[in-house]
Amino acid sequence: MGRQLEQLNKPLIEFIEKQKVFFVATAMEEGSVNLSPKGLDSLRVLNENRVVWLNLTGSGNETAIHLKNKNRITLMFCAFEGDPIILRLYGKATAYQKDTEFWNEHISLFPEIAGSRQLMDVEIEKVQISCGMGVPLMEYKEQRQSLVEWAENKGDEGLKKYWNKKNTTSIDGFEDTFE
């Protein structure tokens with residue numbers, strides 16, 4: 001089962017800051033559980049009970065749609081090098097669109113990345129640490145730039161059209177709009 005904590009400590013924050021990838025899971029009362037990998041320089045630890053990540057344009061918008069309806073979330077980090085560890089952060093989250101007060105106050109924490117669409121504010125309620133002895137050791141090579149290049153080629157107007165065409169309905173048919 002692992003060990004549970006009420007908040008992050010310094011070694012766990014340092015572990016998070018070294019990770020090249022993390023995973024996000026959300027679900028509504030009914031329908032599919034969404035589990036998405038996240039990368040690039042898109043996550044910041046604000047304090048022991050709060051993280052924020054910059055959500056980029058993707059093939060869907062499940063996380064934001066789920067959070068508007070049921071704001072529970074799990075973030076998972078796996079050690080692919082060094083000591084084996086799996087770290088899960090359980091909590092509640094809110095998705096903030098561009099030009100909201102939260103966005104304007106926190107976007108400077110991140111580099112400018114084409115395709116940025118929301119900031120996800122996660123209030124951590126429980127931290128779980130378990131062994132990662134079954135996770136393979138892997139060597140990091142480099143960050144893919146395909147998503148950023150695709151978003152740069154779309155431009156702001158192209159991204160807005162894409163969001164309204166491809167990111168307003170979840171795989172289970174739940175709808176949302178980009179405001």
Side-chain angles (χ1 to χ4, degrees), residues 1-29 32-58 61-98 100-113 115-144 147-148:
M1 166 126 139
R3 188 169 48 127
Q4 292 185 3
L5 306 170
E6 292 181 14
Q7 63 187 27
L8 294 169
N9 57 33
K10 186 176 179 181
L12 293 177
I13 291 170
E14 290 171 356
F15 171 75
I16 289 170
E17 290 172 344
K18 292 178 186 173
Q19 301 311 300
K20 305 293 187 201
V21 64
F22 62 101
F23 302 88
V24 175
T26 56
M28 295 173 55
E29 289 294 329
S32 303
V33 173
N34 184 60
L35 176 61
S36 296
K38 305 294 179 185
L40 296 166
D41 187 11
S42 63
L43 183 106
R44 297 292 181 271
V45 177
L46 298 182
N47 61 44
E48 295 84 1
N49 287 99
R50 197 160 161 218
V51 298
V52 63
W53 94 83
L54 180 61
N55 196 30
L56 305 172
T57 300
N61 197 23
E62 300 299 310
T63 303
I65 292 172
H66 286 177
L67 292 177
K68 279 194 172 181
N69 292 281
K70 187 74 174 175
N71 71 343
R72 62 185 174 159
I73 193 165
T74 302
L75 278 65
M76 184 178 77
F77 305 84
C78 300
F80 295 108
E81 60 186 20
D83 294 335
I85 183 174
I86 298 171
L87 174 64
R88 291 178 181 89
L89 309 179
Y90 300 92
K92 297 190 182 318
T94 304
Y96 292 97
Q97 304 290 345
K98 286 185 174 190
T100 60
E101 183 177 341
F102 185 88
W103 175 280
N104 293 333
E105 289 176 5
H106 293 86
I107 192 60
S108 64
L109 297 171
F110 301 93
E112 191 172 318
I113 303 175
S116 299
R117 64 178 170 186
Q118 296 122 351
L119 284 174
M120 304 299 195
D121 182 23
V122 181
E123 242 183 273
I124 301 166
E125 297 175 330
K126 179 171 49 176
V127 174
Q128 183 184 30
I129 307 163
S130 56
C131 83
M133 292 187 284
V135 175
L137 289 171
M138 296 190 296
E139 188 175 319
Y140 176 74
K141 185 176 178 182
E142 66 185 19
Q143 181 63 56
R144 288 187 174 121
L147 181 65
V148 174

Just so I know, are the side chains of W53 and T63 near enough to count as touching, which here means a heavy-atom distance under 4.5 Å? yes
Where I86 and C78 come nearest, the two heavy atoms and their spacing: CG1-SG, 4.4 Å
Gap separating the NZ atom of K98 from the CG atom of L119, nearest 0.5 angstrom: 10.0 Å
For R144 and L40, which heavy atoms make the closest approach, and how far apart are they? O-CD2, 4.0 Å
Nearest-0.5 Å distance that lies between atom NZ in K20 and atom CD in E81: 8.0 Å
After noting the C-alpha distance and the side-chain angles of N61 and Q118, does the key distance pass the side-chain contact (heavy atoms from CB on, under 4.5 Å) rule? CA-CA 10 Å; N61 197 23; Q118 296 122 351; 3.3 Å; yes
Tell me if the CD atom of E123 is crowded by more than 12 foreign heavy atoms within 6.0 Å. no
Side-chain donor-acceptor pair present, Y90, Q128, cut-off under 3.5 Å: yes
Look up atom CG in D121 and atom CZ in R50, then write down how far apart they are to the nearest 0.5 Å. 4.0 Å
Minimal non-hydrogen separation, L35 against A25, with atom names: CD1-CB, 4.0 Å
Would you find a donor on one side and an acceptor on the other, under 3.5 Å apart, between the side chain of T57 and the backbone of G115? yes
Quick one: does N69's side chain have a donor or acceptor within less than 3.5 Å of a partner on E29's backbone? no
Please report the C-alpha distance between V52 and Y96 in whole Å, then the side-chain angles of each, then the deciding distance to 0.1 Å, and finally whether the side-chain contact (heavy atoms from CB on, under 4.5 Å) criterion is met. CA-CA 10 Å; V52 63; Y96 292 97; over 6 Å; no
Would you check if I124 and E48 make a side-chain contact, meaning some heavy-atom pair closer than 4.5 Å? no
Where P84 and G132 come nearest, the two heavy atoms and their spacing: CB-C, 3.5 Å
Near N47 CG, under 6.0 Å, is it more than 12 heavy atoms from other residues, nucleotides or ligands? yes
Among M76, K38, R88, side chain to side chain contact (heavy atoms under 4.5 Å, CB included) partner for F23: M76
Nearest-0.5 Å distance that lies between atom CG in L43 and atom CG in L46: 9.0 Å
Taking it one step at a time, do L67 and M120 satisfy side-chain contact (heavy atoms from CB on, under 4.5 Å)? CA-CA 9 Å; L67 292 177; M120 304 299 195; 4.0 Å; yes
What distance separates L8 CG from L89 CG, expressed to the nearest 0.5 Å? 5.5 Å
Do N9 and V127 come close enough that some side-chain heavy atom pair is under 4.5 Å? no
Quick check: closest heavy atoms across R72 and M28, and the distance to 0.1 Å? NH2-O, 3.2 Å
Quick check for you: to the nearest 0.5 Å, what is the distance between I113 atom CD1 and I107 atom CD1? 8.0 Å
Dump the intermediate steps for side-chain contact (heavy atoms from CB on, under 4.5 Å) on I16 and L75, then the final yes or no. CA-CA 11 Å; I16 289 170; L75 278 65; over 6 Å; no
In this structure, which one of T26, N71, N34 forms a side chain to side chain donor-acceptor pair (under 3.5 Å) with H66? T26
Could you check whether any side-chain heavy atom of D41 comes within less than 4.5 Å of a side-chain heavy atom of F110, counting everything from C-beta outward? no
Does any part of the side chain of L56, heavy atoms only, come nearer than 4.5 Å to the side chain of S116, both counted from C-beta? yes
